[in-house]
Amino acid sequence: MRMEGEEPATADGGGQIKRALINATAGAIAGGISRTVTSPLDVIKIRFQVQLEPTSLWALVRSNVTAPSKYTGMLQATKDIFREEGLPGFWRGNVPALLMVMPYTAIQFAVLHKLKTFAAGSSKTEDHIQLSPYLSYASGALAGCAATVGSYPFDLLRTILASQGEPKVYPTMRSAFVDIVRTRGFRGLYAGFSPTLVEIVPYAGLQFGTYDTFKRWTMAWNHHISSTTSSISTDDNLSSFQLFICGLAAGTCAKLVCHPLDVVKKRFQIEGLQRHPKYGGRVEHHAYRNMFDALHRILQMEGWAGLYKGIVPSTVKAAPAGAVTFVAYEFTSDWLESILT
């Protein structure tokens, strides 16, 4: 005999599982779309970050470096990559990038929704927007950590394949994986993991926290406009353009703050990678003892500009990437919910 209250509990448990699946699926689709759309900018960013020589003409003039720089600006880098590698060069490493970003965003959005549900005491998305900004930041940071642990090896492979240029060192993702395990062991698949975790806490926290903050401000603005125009509509739903702007602003803020740690991560990831001499100096094995040593050495050898190599393509990429991710997630989540309910 079923006890009173047992069925609602079961139904609630089933609803939570369905909600988690919707969040994970929507997150994976959103991440895949965003990564593919912005891949050209990501490739240019990575080439800048792993280049030891200055990445701009003014920095090259001011420095005492005698060796020429392979890339000295976004336009020049775009022309060079297209001339030497063709259009496919801008999607170098996109397969491991997708294998990385789809589980990453799936885990991230699923964990984020679970944490917000716990904090708000409700699984309804409209209740989550009322959470304290501090809880939004903390939820985003914890979700980012969980996602990073599960997808990091693909991030490493993406960086290596995107940075190698021509001639290729590794023709396939499998050859890169086998060589890394052979030369560095399985620990090599997590090279640069420490600065990644240190980076992802403020990055994910800022991205999701500022996104929720911008959404609250936009809703307040909509209500203000409705009251001044005597409109009867009090709908809290934001337009796709407003979601795009919120996501764009959130991605830009997060990237500007956390970029130096991303540079350090990339240097650890490509330690010892053989590259053609035309790409300049390479990062030798064990070039940096730890994250703090890497920050110190980059600052000492390359100046503040070294810690912000690739910041222009990174910022240009982060804005649309954040916007596309959030808009795609919101629409995919709503669509999945409508067909599953």
Side-chain angles (χ1 to χ4, degrees), residues 27-28 31-51 81 85-86 88-108 144-200 203-204 261-276 279 282-288 291 294 309-310 313-314 317-318 321 325:
I33 293 171
S34 174
R35 177 63 63 180
T36 301
V37 169
T38 59
S39 179
L41 289 166
D42 201 44
V43 169
I44 295 172
K45 180 202 77 167
I46 291 172
R47 299 287 176 93
F48 282 3
Q49 288 179 319
V50 302
Q51 180 173 292
I81 294 171
E85 305 168 45
F90 292 105
W91 275 269
R92 279 278 174 87
N94 197 50
V95 172
L98 288 175
L99 292 175
M100 178 271 291
V101 79
M102 293 184 77
Y104 179 92
T105 46
I107 296 169
Q108 190 176 41
C145 287
T148 299
V149 173
S151 61
Y152 189 80
F154 292 115
D155 185 25
L156 178 87
L157 291 169
R158 182 276 309 261
T159 297
I160 288 175
L161 292 177
S163 67
Q164 62 182 346
E166 288 285 354
K168 294 179 182 177
V169 179
Y170 303 115
T172 64
M173 183 175 68
R174 182 181 180 278
S175 63
F177 176 83
V178 170
D179 188 65
I180 290 168
V181 173
R182 181 177 59 81
T183 57
R184 306 190 205 175
F186 280 101
R187 288 183 62 185
L189 294 172
Y190 280 85
F193 187 64
S194 296
T196 302
L197 275 185
V198 174
E199 174 203 6
I200 202 64
Y203 182 81
L261 288 169
D262 193 43
V263 172
V264 171
K265 176 182 80 171
K266 295 296 190 295
R267 296 292 177 87
F268 275 111
Q269 288 180 329
I270 58 124
E271 272 190 340
L273 176 67
Q274 298 288 341
R275 302 173 81 205
H276 193 280
Y279 291 99
R282 72 179 187 128
V283 180
E284 301 292 341
H285 275 300
H286 309 299
Y288 310 116
M291 180 182 68
K309 281 182 175 176
S314 182
K317 186 206 91 165
T325 299

Check: Would you call Arg92 and Leu161 a side-chain contact if the rule is heavy atoms closer than 4.5 Å?
Finding: no
Note to self: Tell me which pairs pass salt bridge (charged side-chain N to carboxylate O under 4.0 Å, His left out) where either residue lies in residues 177-193, with sequence neighbours left out.
What the structure shows: Asp179-Arg182
Item checked: Interatomic spacing from CD1 in Ile33 to OG1 in Thr38 - rounded to 0.5 Å -> 11.5 Å
Checklist line | Ser163: partners by side-chain hydrogen bond (donor to acceptor under 3.5 Å, both in side chains), with sequence neighbours left out | finding: none
Next item on the list: To the nearest 0.5 Å, tell me how far Met100 CE sits from Leu156 CG.
Entry: 10.5 Å
Next item on the list: Apply the test side chain to side chain contact (heavy atoms under 4.5 Å, CB included) to residues Lys265 and Thr159: give CA-CA distance (whole Å), side-chain angles for both, the deciding distance (0.1 Å), then the verdict.
Entry: CA-CA 10 Å; Lys265 176 182 80 171; Thr159 297; 5.6 Å; no
Item checked: Close side-chain approach of Val283 and Val50, heavy atoms under 4.5 Å -> no
Tell me which donor-acceptor pairs under 3.5 Å the side chains of residues 42-49 have, and how far apart each pair is, sequence neighbours excluded?
{"residue": "Asp42", "atom": "OD1", "partner": "Lys45", "partner atom": "NZ", "Å": "3.4"}
{"residue": "Asp42", "atom": "OD1", "partner": "Lys317", "partner atom": "NZ", "Å": "3.0"}
{"residue": "Asp42", "atom": "OD2", "partner": "Arg35", "partner atom": "NH1", "Å": "3.0"}
{"residue": "Asp42", "atom": "OD2", "partner": "Arg158", "partner atom": "NH1", "Å": "2.6"}
{"residue": "Lys45", "atom": "NZ", "partner": "Asp262", "partner atom": "OD2", "Å": "3.1"}
{"residue": "Arg47", "atom": "NE", "partner": "Ala162", "partner atom": "O", "Å": "2.6"}
{"residue": "Arg47", "atom": "NH1", "partner": "Tyr71", "partner atom": "OH", "Å": "2.9"}
{"residue": "Arg47", "atom": "NH1", "partner": "Glu85", "partner atom": "OE2", "Å": "3.0"}
{"residue": "Arg47", "atom": "NH2", "partner": "Glu85", "partner atom": "OE1", "Å": "3.1"}
{"residue": "Arg47", "atom": "NH2", "partner": "Glu85", "partner atom": "OE2", "Å": "3.4"}
{"residue": "Arg47", "atom": "NH2", "partner": "Ala162", "partner atom": "O", "Å": "3.2"}
{"residue": "Gln49", "atom": "NE2", "partner": "Asp262", "partner atom": "OD2", "Å": "2.9"}

Margin query: Checking Thr148 against Asp155 for the side chain to side chain contact (heavy atoms under 4.5 Å, CB included) test, could you report, in this order, the C-alpha distance in whole Å, the side-chain angles of both residues, the deciding distance, and whether it holds?
Written below: CA-CA 9 Å; Thr148 299; Asp155 185 25; over 6 Å; no
Note to self: Between Lys266 and Lys309, is there a side-chain heavy-atom distance shorter than 4.5 Å?
What the structure shows: no
Next item on the list: Check side-chain hydrogen bond (donor to acceptor under 3.5 Å, both in side chains) between Thr172 and all other residues, then give those that pass, not counting sequence neighbours.
Entry: Ser175
Notebook entry, point to check: Which residue pairs satisfy the salt bridge (charged side-chain N to carboxylate O under 4.0 Å, His left out) criterion with at least one member in residues 188-197, sequence neighbours excluded?
Noted result: none
Checklist line | Residue pairs passing the ring-ring contact (aromatic ring centres under 6.0 Å, His included) test where at least one lies in residues 165-188, sequence neighbours excluded | finding: none
Check: Closest heavy-atom contact between Thr36 and Pro40?
Finding: O-CD, 4.3 Å
Mind listing the side-chain donor-acceptor pairs of residues 188-200 below 3.5 Å, one per line with the distance, residues two or more places apart or on another chain?
{"residue": "Tyr190", "atom": "OH", "partner": "Val149", "partner atom": "O", "Å": "3.2"}
{"residue": "Thr196", "atom": "OG1", "partner": "Gly192", "partner atom": "O", "Å": "2.6"}

Check: Between Phe268 and Ala294, what is the shortest heavy-atom contact and its length?
Finding: CE1-CB, 3.9 Å
Item checked: By side-chain hydrogen bond (donor to acceptor under 3.5 Å, both in side chains) - contacts of Tyr152 (at least two apart) -> Gln269
Next item on the list: Calculate, to the nearest 0.5 Å, the distance between atoms CG and CZ belonging to Leu157 and Arg174 respectively.
Entry: 12.5 Å
